[in-house]
*Asks:* 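Next up is a structure, given as structure tokens.
Throughout, protein chains are lettered first and strands after them, A, B, ... in sequence-line order, and every chain is numbered starting at 1. Note that these values count all heavy atoms, side chains included, but never hydrogens, waters or copies made by symmetry. Predicted model, so just to flag it, every value in this text is computed and none were measured.
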Amino acid sequence: MSLIQAVRGTRDILPGESSDWQRVEAAARTLLARAGYQEIRTPLFEQTDLFERGIGEATDIVGKEMYSFQDRGERWITLRPEGTAGVVRAFLEHKLYTQGGIQRLWYTGPMFRYERPQAGRQRQFHQLGVEVLGSADPRADAEVIAIASDLLKTLGLSRWKLDLNSVGDLEDRQRYREKLVAYFTPYVAELDRDSQERLHRNPLRILDSKDPRTQAIAQEAPSILDYLGADSQRHFEQVQQYLSNLSIPYQLNPRLVRGLDYYTHTAFEMQVDDLGAQATVCGGGRYDRLVQELGGPDTPAIGWAIGLERLILLLQQLHLPLLATIDFYLVAKGTNAEAQALTLSHGLRQAGFAVELDLSGSAFGKQLKRADRSGAPACLIMGDAEAEAKTVQLKWLASGEQQAVAQSDLLHQTEALQQRLAALREKR
RNA sequence: GCGAGCGUAGCCAAGUGGCUAAGGCAGUGGAUUGUGGUUCCACCAUUCGCGGGUUCGAUUCCCGUCGUUCGCCCCA
């Protein structure tokens with residue numbers, strides 16, 4: 001009989017790895033709370049229409065990567081391929097815009113795209129994202145980029161670069177698109193096949209083709225930055241000024257085009273060298289038209305999403321030490337001792353200690369060995385003699401120092417112990 | 001969706017058309033029946049992802065399939 005395995009492109013996050021995830025999530029929560037962002041949790045699936053209208057029917061995500069199906073009520077359902085559409089849907093459905101001012105939101109959770117799996121690219125993957133709804137101010141652009149930058153820094157990542165571009169507003173893009181088509185048309189025969197197809201469907205995407213010949217041709221193509229209207233130009237310049245004020249290094253990349261139709265003005269990506277073709281760790285931009293297109297009031301917005309698998313892959317490459325460990329490993333042998341150890345472990349936890357109780361009942365030597373491996377700074381040893389005397393042996397594993405302690409002292413005079421544990425933790 | 005590589009224990013692996021499939025780490029038991037980090041001993045794959053084929057004989061060669069990795073595509 002063959003074992004059932006996880007579906008292609010999905011994976012389990014096992015105990016050895018979940019602490020990495022928790023670190024990222026905790027760091028993000030702290031930073032986002034400080035910046036006044038509130039969490040929003042939306043469903044994992046939505047009506048298929050939401051994504052078709054929101055992301056754009058011509059995009060690859062909608063065209064060939066969505067998990068769509070009909071439910072038993074014959075509704076067309078899609079597992080969310082990204083987070084923004086659902087957030088905007090909720091924003092409209094609950095009329096959050098009537099609360100006035102600006103909504104600063106964040107979310108995290110699984111997303112689903114039917115793609116060929118690779119390291120850093122799965123069919124069920126996780127994103128953490130922010131959305132600022134209701135501000136057209138370039139300071140909002142800079143704020144969200146700064147938060148992403150801070151998050152990476154907090155986690156110890158330093159080797160990334162920020163690519164920045166503006167794709168202008170609708171009119172700018174229309175004008176530019178015409179110029180671009182006019183530029184590429186004489187070269188049609190020399191372009192790679194994909195780019196030939198994109199010439200009329202989505203000519204901006206030709207710019208980031210990896211085909212060397214196409215790239216050579218695209219090198220001389222007109223730049224979007226020369227076709228920005230006065231307002232777009234001004235917005236983009238201010239974003240750059242603010243980023244400089246915040247000492248966030250960036251580089252202009254006029255060929256940066258994001259794959260979702262809803263982007264306007266600012267577009268950016270944070271990339272690293274260590275993830276092969278999955279170099280983009282964070283991507284985002286402004287989407288001033290999306291809320292309106294989904295039937296809401298004219299609401300400018302900006303956001304980004306971080307790919308958590310990619311981020312955690314990077315953290316793991318850094319071999320950052322893990323800090324989470326227990327305070328005491330509790331060893332017991334003998335009928336009375338084992339019974340009392342259970343009670344003691346319970347009491348210690350109520351007193352605020354992290355305790356692991358050895359359940360094996362094997363020889364003290366074996367249990368001590370496990371205590372050592374557990375990473376706990378100290379070990380508590382209880383045999384029937386200790387059980388009789390209502391004491392326990394407290395052994396500090398690094399020094400070997402050991403003494404008998406009354407159980408009641410352990411439970412009620414916790415101050416000194418906590419301080420000593422904290423001091424040991426500090427050293428590691 | 002296209003092209004290519006890989007798949008031997010929980011992990012890292014050596015291996016070959018033919019006698020019981022190296023080794024290391026981890027794990028379990030013991031030396032040490034109440035004291036760990038060192039050491040020593042023993043145990044730990046009727047089987048080489050799965051299915052089929054070729055062969056006297058396949059973990060090894062072939063086909064298919066599943067998974068994974070790299071590139072393209074796409075994107076976070």
Side-chain angles (χ1 to χ4, degrees), chain A residues 1-11 14-16 55 59-66 81-84 108-129 148 192-195 197-198 202 205 208-212 214 256-260 268-272 275-285 303-314 329 331-334 337 358 360 362-376 378-387 393-402:
Chain A
M1 195 187 78
S2 59
L3 291 172
I4 295 172
Q5 44 190 200
V7 172
R8 180 171 164 85
T10 70
R11 45 181 228 116
L14 298 174
I55 300 171
T59 62
D60 285 323
I61 291 178
V62 172
K64 52 190 199 195
E65 293 179 359
M66 294 205 305
E82 55 92 55
T84 301
T108 187
M111 308 291 163
F112 305 86
R113 291 182 201 172
Y114 191 88
E115 296 184 280
R116 186 78 170 253
Q118 249 171 62
R121 195 179 72 183
Q122 287 147 229
R123 291 181 175 180
Q124 174 176 330
F125 63 104
H126 297 77
Q127 289 188 336
L128 186 150
D192 61 281
R193 181 114 47 94
D194 286 333
S195 294
E197 279 171 29
R198 285 190 289 228
N202 200 348
R205 295 219 62 92
D208 59 1
S209 166
K210 283 185 186 142
D211 180 81
T214 302
L256 171 64
V257 181
R258 319 238 56 255
L260 290 67
F268 61 91
E269 278 185 7
M270 297 164 95
Q271 301 190 335
V272 296
L275 289 178
Q278 280 67 245
T280 302
V281 172
C282 174
W304 50 248
I306 285 177
L308 291 180
E309 277 80 2
R310 292 180 186 182
L311 183 58
I312 284 161
L313 230 39
L314 288 168
Y329 191 93
V331 156
K333 175 87 178 155
D358 192 307
S360 70
S362 49
F364 278 107
K366 295 295 175 192
Q367 295 196 50
L368 263 296
K369 191 173 181 131
R370 278 191 281 271
D372 200 48
R373 298 251 163 120
S374 76
C379 174
L380 295 170
I381 305 163
M382 174 128 60
D384 284 336
E386 285 79 12
Q393 299 289 334
L394 169 59
K395 179 165 190 170
W396 298 93
L397 287 164
S399 63
E401 171 195 350
Q402 179 176 330

*Asks:* Run the side chain to side chain donor-acceptor pair (under 3.5 Å) check on D211(A) and S195(A) step by step: do they pass?
*Replies:* CA-CA 9 Å; D211(A) 180 81; S195(A) 294; over 6 Å; no

*Asks:* Start with the C-alpha distance between Q124(A) and Q122(A), add both sets of side-chain angles, then the distance that settles side chain to side chain donor-acceptor pair (under 3.5 Å), and finish with yes or no.
*Replies:* CA-CA 5 Å; Q124(A) 174 176 330; Q122(A) 287 147 229; over 6 Å; no

*Asks:* Taking N and O atoms by type only, does the side chain of R193(A) place a donor or acceptor under 3.5 Å from a partner on the base of C2(B)?
*Replies:* no

*Asks:* Indicate, with a heavy-atom threshold strictly under 4.0 Å, whether G129(A) touches base, sugar-phosphate, or nothing.
*Replies:* nothing

*Asks:* Distance check, P atoms only: A13(B) and U38(B), in whole angstrom units.
*Replies:*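 Rounded to whole Å, the distance is 24 Å.
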
*Asks:* So which atom in C282(A) and which in A148(A) form the shortest heavy-atom distance, rounded to 0.1 Å?
*Replies:*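 Minimum heavy-atom contact is SG-CB, 4.1 Å.
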
*Asks:* Does the side chain of Q393(A) get closer than 4.0 angstrom to OP1 or OP2 of U35(B) through an N or O atom?
*Replies:* no

*Asks:* At 4.0 Å (heavy atoms only), tell me whether D211(A) reaches a base, stays on the sugar-phosphate, or touches nothing.
*Replies:*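 Nothing, no nucleic acid heavy atom in range.
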
*Asks:* Please tell me which of the listed nucleotides, C66(B), G1(B), G34(B), lies nearest to the side chain of Y114(A)?
*Replies:* G1(B)

*Asks:* Do the side-chain N or O atoms of R8(A) get closer than 4.0 angstrom to the phosphate oxygens (OP1, OP2) of C66(B)?
*Replies:* no

*Asks:* Report the distance from atom CD of Q122(A) to atom P of C70(B), rounded to the nearest whole Å.
*Replies:*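 Distance, rounded to whole Å: 11 Å.
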
*Asks:* Classify the nucleic acid contact of Q402(A) as base, sugar-phosphate or nothing, counting any heavy atom under 4.0 Å across all strands shown.
*Replies:*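 Here Q402(A) touches the bases of the nucleic acid.
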
*Asks:* Heavy atoms only: give me the nearest G303(A)-F268(A) pair and the separation to one decimal.
*Replies:* O-CZ, 4.1 Å

*Asks:* Using atom C1' of each nucleotide, how far apart are A21(B) and A58(B) to the nearest Å?
*Replies:* 13 Å

*Asks:* Please name the pair of heavy atoms, one in R310(A) and one in G120(A), separated by the smallest distance, quoted to 0.1 Å.
*Replies:*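 Result for this residue pair: NE-O, 2.8 Å.
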
*Asks:* Tell me if the side-chain of R310(A) makes a donor-acceptor pair with the base of C75(B), cut-off 3.5 Å, by modelled atom types.
*Replies:*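 Indeed, a donor on one side and an acceptor on the other fall under 3.5 Å apart.
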
*Asks:* For the side chain of T280(A), starting at C-beta, report the closest nucleotide among G34(B), A4(B), A76(B).
*Replies:* A76(B)

*Asks:* By nearest atom, which of the nucleotides G36(B), G71(B), A76(B) is closest to the Q278(A) side chain?
*Replies:*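 When the side chain of Q278(A) is considered, G71(B) is the closest of G36(B), G71(B), A76(B).
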
*Asks:* Which range-with-range stems can be found for RNA chain B when each stem has 3 or more Watson-Crick or G-U pairs in a row and both distances sit under 3.5 Å?
*Replies:*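 Looking at RNA chain B, the stems formed by three or more consecutive pairs are B:1-7 with B:66-72, B:10-12 with B:23-25, B:27-31 with B:39-43, B:49-53 with B:61-65.
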
*Asks:* Starting from the 5' end of RNA chain B, give me the residue, R116(A) or A119(A), whose nearest nucleotide shows up first.
*Replies:*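 The residue closer to the strand's 5' end, by nearest nucleotide, is R116(A).
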
*Asks:* Classify the nucleic acid contact of R370(A) as base, sugar-phosphate or nothing, counting any heavy atom under 4.0 Å across all strands shown.
*Replies:*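 It contacts sugar-phosphate atoms only.
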
*Asks:* Check every strand shown and say whether G9(A) touches a base, only sugar-phosphate, or nothing at a heavy-atom separation below 4.0 Å.
*Replies:* sugar-phosphate

*Asks:* Give me the distance, rounded to whole Å, that separates G57(B) from U39(B) when you measure between the C1' atoms they each carry.
*Replies:* 45 Å

*Asks:* Mind checking the P distance from C62(B) to C73(B)? Whole angstroms is fine.
*Replies:* 31 Å

*Asks:* Identify the heavy atoms of R121(A) and Q278(A) that sit nearest to each other, and give their distance.
*Replies:*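 Answer, listing the atom of R121(A) first, then Q278(A): CB-CG, 4.0 Å.
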
*Asks:* Confirm from the modelled atom types if E386(A) and G34(B) form a donor-acceptor pair under 3.5 Å, side chain to base only.
*Replies:*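 A donor-acceptor contact between them is present.
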
*Asks:* Of all the choices, G71(B), C73(B), G36(B), which nucleotide is nearest to the side chain of D194(A) once you look at every atom?
*Replies:*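 For D194(A), the side-chain atoms sit closest to C73(B).
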
*Asks:* Establish, with yes or no, whether the OP1 or OP2 oxygen of U68(B) is under 4.0 angstrom from a side-chain nitrogen or oxygen of R123(A).
*Replies:*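 Answer no for this pair, as no side-chain N or O of R123(A) is under 4.0 Å from OP1 or OP2.
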
*Asks:* Just the rounded figure in Å: distance from P of G36(B) to CG of L397(A).
*Replies:* 11 Å

*Asks:* Pick base, sugar-phosphate or nothing for A363(A), based on heavy-atom distances below 4.0 Å to the nucleic acid.
*Replies:* nothing

*Asks:* With the side chain of F125(A) defined as its heavy atoms from C-beta on, choose the nearest nucleotide among G36(B), C72(B), A76(B).
*Replies:* A76(B)

*Asks:* Please report the shortest heavy-atom distance between A376(A) and L397(A), naming the atom on each side.
*Replies:* O-CD1, 3.4 Å

*Asks:* When the P atoms of C61(B) and U16(B) are considered, how many whole Å apart are they?
*Replies:* 10 Å

*Asks:* Using the rule side-chain contact (heavy atoms from CB on, under 4.5 Å), only one of T280(A), L313(A), L311(A), L314(A) pairs with V272(A); which is it?
*Replies:*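 Between V272(A) and the candidates, side-chain contact (heavy atoms from CB on, under 4.5 Å) is satisfied uniquely by L314(A).
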
*Asks:* Report the nucleotide, chosen from C73(B), C70(B), G67(B), that has the shortest atom-to-atom distance to any side-chain atom of Q5(A).
*Replies:* G67(B)

*Asks:* Just how far, in rounded Å, is C1' of A76(B) from CD of E309(A)?
*Replies:* 9 Å

*Asks:* Using the P atom on both, measure G24(B) against A42(B) and round to a whole Å.
*Replies:* 11 Å

*Asks:* Does G284(A) reach a base, just sugar-phosphate, or nothing at all? Heavy atoms under 4.0 Å.
*Replies:*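 If one applies the 4.0 Å heavy-atom cut-off, G284(A) turns out to touch nothing in the nucleic acid.
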
*Asks:* What does A398(A) touch in the nucleic acid at a heavy-atom separation under 4.0 angstrom: a base, only the sugar-phosphate, or nothing?
*Replies:* base

*Asks:* Where do A378(A) and L394(A) come nearest, in terms of heavy atoms and distance?
*Replies:* CB-CD1, 4.1 Å

*Asks:* Looking at every strand, decide which applies to Q271(A) at a 4.0 Å heavy-atom threshold: base, sugar-phosphate, or nothing.
*Replies:* nothing

*Asks:* How far, in whole Å, is G15(B) from U68(B) if one measures between their P atoms?
*Replies:*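 Pairwise P distance, U68(B) against G15(B), rounds to 26 Å.
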
*Asks:* Looking at every strand, decide which applies to A305(A) at a 4.0 Å heavy-atom threshold: base, sugar-phosphate, or nothing.
*Replies:* sugar-phosphate

*Asks:* Over how many whole Å does the gap from D372(A) atom CG to U38(B) atom C1' extend?
*Replies:* 11 Å

*Asks:* Q118(A) has an atom CD; how far is it from atom P of C70(B), in whole Å?
*Replies:*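 The answer, rounded to whole Å, is 5 Å.
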
*Asks:* Output the single nucleotide from G3(B), G37(B), A76(B) whose closest atom is nearest the side chain of C282(A).
*Replies:* A76(B)

*Asks:* Would you mind reading off the distance between I312(A) atom CD1 and A76(B) atom P, rounded to a whole angstrom?
*Replies:*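 In whole Å, A76(B) P lies 17 Å from I312(A) CD1.
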
*Asks:* Looking only at side-chain N and O atoms, does R373(A) come under 4.0 Å of OP1 or OP2 in C25(B)?
*Replies:* no

*Asks:* Rounded to whole angstroms, how far apart are NZ on K366(A) and P on G29(B)?
*Replies:*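 The answer, rounded to whole Å, is 6 Å.
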
*Asks:* CZ of R121(A) versus P of C73(B): gap in Å, rounded?
*Replies:* 11 Å

*Asks:* Between Q393(A) and E386(A), is the side chain to side chain donor-acceptor pair (under 3.5 Å) condition met? List the steps.
*Replies:* CA-CA 8 Å; Q393(A) 299 289 334; E386(A) 285 79 12; 3.1 Å; yes

*Asks:* Work out how far the P atom of C70(B) is from that of U65(B), and round it to whole angstrom.
*Replies:*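 Comparing P positions in C70(B) and U65(B) gives a spacing of 23 Å.
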
*Asks:* Show me the donor-acceptor pairs, under 3.5 Å and distance only, between side chains in residues 363-372 of chain A and residues at least two apart or in other chains.
*Replies:*
from, atom 1, to, atom 2, distance (Å)
Q367(A), OE1, A332(A), N, 3.2
Q367(A), NE2, A332(A), O, 2.7
Q367(A), NE2, S362(A), O, 2.7
R370(A), NE, D358(A), OD2, 3.1
R370(A), NH2, S360(A), OG, 2.7
R370(A), NH2, S362(A), OG, 2.6

*Asks:* Taking atom types as they are modelled, would you say the side chain of K395(A) forms a donor-acceptor pair with the base of G36(B) within the 3.5 Å cutoff?
*Replies:* yes

